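Here the structure is a predicted model, which is why all the values come from computation and not from measurement. For the numbers below, each heavy atom of this structure counts, side chains included, while hydrogens, waters and symmetry mates do not.
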Amino acid sequence: MKAAVCRQYGPPEAVRVEELPSPVLAPGRLRVRVGAAAVNFPDVLLVADQYQVNVPVPFVPGSEFAGVVTEVAPDTVDFAVGDRVTGTGMFGAFAEEVCVGSAALAKIPDSVDDRTAAAFGVAHRTAYHTLRSVAQVRPGDDVIVLGAGGGVGLAAVQLGVTLGARVTAVASSDEKLCVAARYGASVLVNHATGPVRTTLREALPAGAHAVIDPVGGELSEPALRSLRRGGRFVTVGYASGSIPQIPLNLVLVKGIQIVGFQFQDIPPDEFARNESELRELLATGGVKPHIGAVYPLAETAAALRHVADGQAIGKVVIDVGYALPSALGSFGG
């Protein structure tokens, strides 16, 4: 099979597409022929060995994919050969085949194509659980979304509007803000053109109920200052590459809450509810991910570079295409 391989840590250009043996189908796992994979910022960090978790080289990057089940280990249930599925994992998705456990998979609705399914999972699940359970967004709330042009940010714009919030989108270019407006953002802030703190104060004189921050860096503090008393600031990630230093006196004076998002922290009953609601939105077309760029597998390094440089609008997808299964080998699994 063809796969994008990181053999030494470094920039996106360290990733090369090679011929590899197919991953071994271990007990309890399924083989999926990948049709499309989505690029996420943590993929860039893993290749650079700058993520909070280290993956030993060599490895195949990629954490999100969609395709069709081609083989099932005898002790595996819930899925059968021919099922169209989407899945997530720490790595392995930028390849023509991947072997994963059934817990990492979900069936793709008939109405949804592979690119859409691959692009929907990580960003929209992160955004929805963040909005619904962590930020506790209600209809009529004012929500500020930082990095509103990126995968998680644009998903948060879409889903915030779906939940009935008034969304203020903060992004680095008018092009990104134009897309955010298409998905319902009512206030647009280009942080490259002026002081964010002043602009947000003018746009939201009463303050926001919540801030969703997948970016970090210098945007976090002015956004936090824009919260009303009792508001919630949710930190989701640090795509800027910089972890913000927040003056704790702001938390005291404004009576706000700063909360971190992790999937495992969502209460089980809320997690199940959120997942059910999100699947319904996907199946019915209530929400569809914005795919801003598509690359072939041969150009995986370029796709990673596009995300690393902050050029992505919405999701970046790698079109893997279906290939005939290769002979079994020892790489991956």
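In this structure, F91 and P61 have side chains that are not in contact, with every pair of non-hydrogen atoms separated by 4.5 Å or more. At least one side-chain heavy atom of V57 sits under 4.5 Å from a side-chain heavy atom of Y9. Side chains of D75 and P27 form a contact here, defined as non-hydrogen atoms less than 4.5 Å apart. At least one side-chain heavy atom of L219 sits under 4.5 Å from a side-chain heavy atom of V196. With contacts defined as side-chain heavy-atom distances shorter than 4.5 Å, the pair S102/L30 qualifies. Looking at heavy atoms from C-beta onward, P42 lies out of side-chain contact with V44 at the 4.5 angstrom threshold. The side-chain heavy atoms of V307 and N40, taken from C-beta on, include no pair separated by under 4.5 Å. At least one side-chain heavy atom of Y295 sits less than 4.5 Å from a side-chain heavy atom of V316.
Side-chain atoms of R16 do not come within 3.5 Å of backbone N or O of V5 as any donor-acceptor pair. Checked by atom type and distance alone, the side chain of T86 pairs as donor or acceptor with a backbone atom of F65 at under 3.5 Å. Side-chain atoms of T88 do not come within 3.5 Å of backbone N or O of S63 as any donor-acceptor pair. Remark: side-chain polar atoms of S226 are paired, donor with acceptor, to backbone N or O of P222 under 3.5 angstrom. The backbone N or O of G217 sits nowhere less than 3.5 Å from a side-chain atom of S242 that would complete a donor-acceptor pair. A donor-acceptor distance shorter than 3.5 angstrom exists from the side chain of K254 to the backbone of L227, with no hydrogens or angles considered.
Nearest heavy-atom pair, R228 versus I256, reported as atom, atom and distance to 0.1 Å: O-CG2, 3.7 Å. Residues F120 and V287 come closest through the heavy atom pair CE1-O, 3.9 Å. In terms of heavy-atom proximity, V122 sits nearest to T126 at O-OG1, 2.8 Å. Residues A308 and P12 share a closest heavy-atom pair of CB-CG, 4.1 Å. When all heavy atoms of G28 and A73 are compared, the pair lying nearest together is N-CB, 3.7 Å. Residues A117 and V112 share a closest heavy-atom pair of N-CG1, 3.7 Å.
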Tell me, with the steps shown, if T116 and K288 meet side-chain contact (heavy atoms from CB on, under 4.5 Å). CA-CA 7 Å; T116 298; K288 186 175 182 179; 3.4 Å; yes
Before giving the answer on side-chain contact (heavy atoms from CB on, under 4.5 Å), spell out for V189 and L200 the whole-Å C-alpha distance, their side-chain angles and the decisive distance to 0.1 Å. CA-CA 8 Å; V189 178; L200 289 176; 4.0 Å; yes
If you apply the rule side-chain contact (heavy atoms from CB on, under 4.5 Å), what do you find for V234 with V211, and how did you get there? CA-CA 6 Å; V234 186; V211 170; over 6 Å; no
Candidate pair V15 and V47, rule side-chain contact (heavy atoms from CB on, under 4.5 Å), full reasoning: CA-CA 8 Å; V15 174; V47 168; 3.8 Å; yes
Worked check of side-chain hydrogen bond (donor to acceptor under 3.5 Å, both in side chains) between N190 and S172: CA-CA 5 Å; N190 185 337; S172 61; over 6 Å; no
As a quick check of understanding, evaluate side-chain hydrogen bond (donor to acceptor under 3.5 Å, both in side chains) for D213 and S220, giving each step before the final call. CA-CA 7 Å; D213 181 12; S220 298; 2.6 Å; yes
List the steps, then state whether salt bridge (charged side-chain N to carboxylate O under 4.0 Å, His left out) holds for R132 with E270. CA-CA 9 Å; R132 192 83 161 86; E270 292 188 27; over 6 Å; no
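For the 3.5 Å distance criterion, the side chains of E275 and H129 qualify, holding a donor opposite an acceptor. Judged purely by distance below 3.5 Å, without hydrogens or angles, the side chains of H290 and Q158 never pair a donor atom with an acceptor atom. Defined by atom type and a distance below 3.5 Å, a donor-acceptor pair is present between the side-chain atoms of N274 and S133. Judged purely by distance below 3.5 Å, without hydrogens or angles, the side chains of T168 and D142 never pair a donor atom with an acceptor atom.
Under a hydrophobic-cluster definition in which Ile, Leu, Val, Met, Phe, Trp and Tyr are linked whenever side-chain heavy atoms come within less than 4.5 Å, directly or via other members, F79 and I108 are assigned to different clusters. When hydrophobic clusters are built by joining Ile, Leu, Val, Met, Phe, Trp and Tyr residues whose side-chain heavy atoms come closer than 4.5 Å, directly or via intermediates, I291 is not grouped with V320. In terms of hydrophobic clustering, with Ile, Leu, Val, Met, Phe, Trp and Tyr side chains grouped at heavy-atom distances under 4.5 Å, L250 and L204 are assigned to a common cluster. Linking Ile, Leu, Val, Met, Phe, Trp and Tyr whenever their side-chain heavy atoms come within less than 4.5 Å puts F41 and V55 in one cluster. Grouping the Ile, Leu, Val, Met, Phe, Trp and Tyr side chains by contacts below 4.5 angstrom, directly or via other members, places F59 with L20.
A salt bridge links R115 with D319: the closest approach of a Lys/Arg side-chain nitrogen to an acidic carboxylate oxygen falls below 4.0 angstrom. A salt bridge links R84 with D114: the closest approach of a Lys/Arg side-chain nitrogen to an acidic carboxylate oxygen falls below 4.0 angstrom. A salt bridge between D269 and R273 is absent, with no side-chain N of the basic residue lying under 4.0 Å from a carboxylate O of the acidic one. With respect to the salt-bridge test (charged N to carboxylate O, under 4.0 angstrom), the residues E18 and K2 do not qualify. For E221 and R197, the salt-bridge test fails: no basic side-chain N is under 4.0 Å from an acidic carboxylate O. Between R31 and E97 there is a salt bridge, with a side-chain nitrogen of the basic residue lying less than 4.0 Å from a carboxylate oxygen of the acidic one.
How far CG of L297 is from CE of M1: 9.5 Å, rounded to the nearest 0.5 Å. Atom CD of E71 sits about 10.0 Å away from atom OG1 of T76, to the nearest 0.5 Å. In this structure, CD1 on I313 lies 9.0 Å from SG on C178, to the nearest 0.5 angstrom. One distance of note links CG of L278 with CG of L159; it measures 6.5 Å at 0.5 Å rounding. The CZ atom of R232 sits 10.5 Å away from the CD1 atom of I212 when rounded to the nearest 0.5 Å. Rounded to the nearest 0.5 Å, atoms CZ (R138) and CG (L131) are 11.0 Å apart.
Classification of the F261-F263 ring pair by plane angle, with boundaries at 30° and 60°, yields perpendicular.
For Y128 and H124, the gap between ring centers reaches or exceeds 6.0 Å.
The number of heavy-atom neighbours closer than 6.0 Å to CD of E218, taken from other residues, nucleotides and ligands shown, is 12 or below. More than 12 heavy atoms of other residues, nucleotides or ligands lie within 6.0 Å of CD in Q136, so this atom counts as buried by the packing criterion.
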